[in-house]
Protein chains: 2
Amino acid sequence: MAQDHQDTTHQGMGGIGAGKGSSDQAALLSNQLCFSIYSAAHLFNRTYKPLLDRLGLTYPQYLVMLVLWSGDGLTVKAIGEQLDLDSGTLTPLLKRLEAAGLVSRQRDPQNERLVRVTLTGAGRALRDHLGTVQEAILCATGLNLDGLKALKTQVDELRAGLAANLGPADRDD
Amino acid sequence: MAQDHQDTTHQGMGGIGAGKGSSDQAALLSNQLCFSIYSAAHLFNRTYKPLLDRLGLTYPQYLVMLVLWSGDGLTVKAIGEQLDLDSGTLTPLLKRLEAAGLVSRQRDPQNERLVRVTLTGAGRALRDHLGTVQEAILCATGLNLDGLKALKTQVDELRAGLAANLGPADRDD
DNA sequence: CGATAACGAATTGCGCACAATTCGTCAGTT
DNA sequence: AACTGACGAATTGTGCGCAATTCGTTATCG
């Protein structure tokens with residue numbers, strides 16, 4: 001397979017093995033890249049699971065705790081904006097964190113539409129285990145500082161591209 | 001407890017930075033990298049959704065169809081090995097594909113433990129839309145061939161690292 | 001042989017993720 | 001003040017993803 005690059009003309013050619021230019025190869029690669037990301041997310045989740053099980057958290061719950069550790073008393077919407085999650089996901093998740101005694105949820109008296117999420121003492125105390133978890137994850141990646149930086153930079157570029165494509169063209173007919 | 005902690009530029013105050021120097025930064029980065037991957041996977045899913053809705057597929061269903069398009073008549077286990085999914089995920093998914101008329105599931109007469117999944121005519125016909133989907137995804141990434149290759153290579157290295165760490169040390173107590 | 005272990009799917013239960021809808025609250029208009 | 005629209009959360013319903021268990025089949029060993 002030839003490795004000719006920088007082709008940006010991919011218009012209206014259907015079919016996979018049609019023997020076209022390099023855009024077919026790029027299209028196939030984008031497919032494979034998506035699966036690699038999908039698979040890596042699952043592998044990360046499995047890596048986190050035994051660590052977070054000891055804290056009684058799932059990975060999405062851990063993400064919410066990270067947000068609250070860096071800024072307590074946020075609304076559901078504010079948490080959702082940082083994590084890109086909506087109330088349909090967060091409301092039941094926060095209820096579980098509340099049932100676990102890690103946060104409290106109460107309506108803002110100034111604006112009854114808002115629900116403010118506040119850490120309890122137990123929620124704040126869990127932060128002591130953060131370092132241990134992060135160290136274990138770092139070790140599991142098998143990457144060094146440079147590798148981590150390079151990969152995160154590229155993934156964030158990809159995220160920006162995908163988000164830009166979703167934003168202006170989020171229409172269906 | 002008078003710890004307001006409105007400082008977000010440092011992370012090594014509480015119990016995080018109790019140990020070492022530069023590995024703290026790496027540990028934090030690995031945390032952020034995981035979120036970037038997690039978030040990118042969701043963005044990919046949202047990008048695929050309007051495209052696959054027209055085919056009546058979800059993204060995991062699309063992955064299964066990709067596997068079957070490149071090798072029909074596979075067992076549930078064989079599909080699961082390619083996608084890293086187990087029967088708890090695949091069995092209901094395959095039943096939905098069967099209900100949609102895209103595949104058929106039947107026990108292997110030679111070995112009644114195996115369930116072979118075969119494409120129907122409609123399942124084979126769906127393959128005609130593959131090119132269109134791939135082109136749209138390629139465009140949405142905003143990456144060129146070099147960027148795709150570089151990113152996929154690094155994500156696959158990360159996957160290998162995580163998988164190597166899961167395999168030998170998949171113990172819980 | 002017959003008991004037993006291993007195997008492959010299916011099932012159960014829990015927790016996301018997300019679209020779509022509902023509900024109470026607040027803001028702007030007349 | 002009543003009407004209207006926007007807003008933030010909660011709710012409903014579908015589909016993963018995975019651990020744990022169950023069930024029928026096959027292979028192995030004494």
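Worth knowing before you read on, the calculation uses all heavy atoms, side chains too, and leaves out hydrogens, waters and symmetry mates. Proteins get letters first, then strands, A, B, ... in listed order; numbering begins at 1 in each.
Remark: P of D/dA20 and CZ of A/Arg46 are 14 Å apart, rounded to the nearest angstrom. Put simply, CG on B/Leu90 is 10 Å from P on C/dA10, counting in whole angstrom units. If you measure from atom CG of A/Leu166 to atom C1' of C/dA17, you get 15 Å, rounded to the nearest angstrom. Separating the CG atom of A/Leu74 from the P atom of D/dG8 is a distance of 14 Å, rounded to the nearest angstrom. Taking atom CG of residue A/Asp53 and atom C1' of nucleotide C/dG15, one finds them 12 Å apart after rounding to whole Å. The separation between A/Leu57 atom CG and C/dC16 atom P is 10 Å, rounded to whole Å. If you measure from atom CD1 of A/Ile79 to atom P of C/dC16, you get 13 Å, rounded to the nearest angstrom. In this structure, A/Lys77 places its NZ atom 14 Å from C1' of D/dA10, rounding to the nearest Å.
B/Ser87 has no side-chain polar atom (N or O) that falls below the 4.0 Å cut-off from OP1 or OP2 of C/dA9. A sub-4.0 Å separation between OP1 or OP2 of C/dA9 and a side-chain N or O of B/Thr75 is present. Note on A/Tyr38: a side-chain N or O is less than 4.0 Å away from OP1 or OP2 of D/dG17. Between A/Thr58 and C/dC16 there is a side-chain polar atom (N or O) within less than 4.0 angstrom of OP1 or OP2. Residue B/Gln61 places at least one side-chain N or O closer than 4.0 Å to OP1 or OP2 of D/dC16. Neither OP1 nor OP2 of D/dT25 sits under 4.0 Å from any side-chain N or O of B/Arg107. Checking the phosphate oxygens (OP1, OP2) of C/dT11, a side-chain nitrogen or oxygen of B/Lys95 falls inside 4.0 Å.
Both B/Glu112 and A/Leu94 lie near DNA chain D, and the one whose nearest nucleotide falls closer to the 5' end is A/Leu94. Both B/Asp86 and A/Leu85 lie close to DNA chain C; mapped to their nearest nucleotides by heavy-atom distance, the more 5′-ward contact belongs to B/Asp86. Heavy-atom distances to DNA chain C give each of A/Arg96 and B/Lys49 a nearest nucleotide, and the one nearer the 5′ end belongs to A/Arg96.
The residue B/Arg116 sits apart from the nucleic acid: no heavy atom pair falls under 4.0 Å. Among the protein residues, B/Asn45 comes within range of no part of the nucleic acid, since none of its heavy atoms lies under 4.0 Å from any strand. Heavy atoms of B/Thr89 sit under 4.0 angstrom from at least one base atom.
Under 4.0 Å is where a charged nitrogen must lie from a carboxylate oxygen, and between B/Arg46 and A/Asp84 at least one such pair does. Salt-bridge annotation for B/Asp146 and B/Lys149: absent, with no side-chain N of the basic residue lying under 4.0 Å from a carboxylate O of the acidic one.
Taking only side-chain atoms of A/Leu93, from C-beta outward, the nucleotide of D/dG17, C/dC16, C/dG8 with the closest atom is C/dC16. If you check C/dA10, D/dC16, D/dA10 against the side chain of B/Pro60, the one that comes closest is D/dC16. Side chain of B/Leu114, nearest nucleotide from D/dA19, C/dA9, D/dT11: C/dA9. Checked against D/dG8, C/dA9, C/dC18, the side chain of A/Arg113 finds its nearest nucleotide in D/dG8.
The closest side-chain donor-acceptor pair between A/Tyr62 and B/Asn31 falls under 3.5 angstrom.
The aromatic rings of A/Tyr38 and B/Tyr59 lie perpendicular to each other, with more than 60° between the two planes, well past the 30° mark.
Side-chain contact between B/Leu126 and B/Leu119 is absent, with no heavy-atom pair separated by less than 4.5 Å.
One N or O on the side chain of B/Glu98 and one on the backbone of B/Arg105 form a donor-acceptor pair closer than 3.5 Å.
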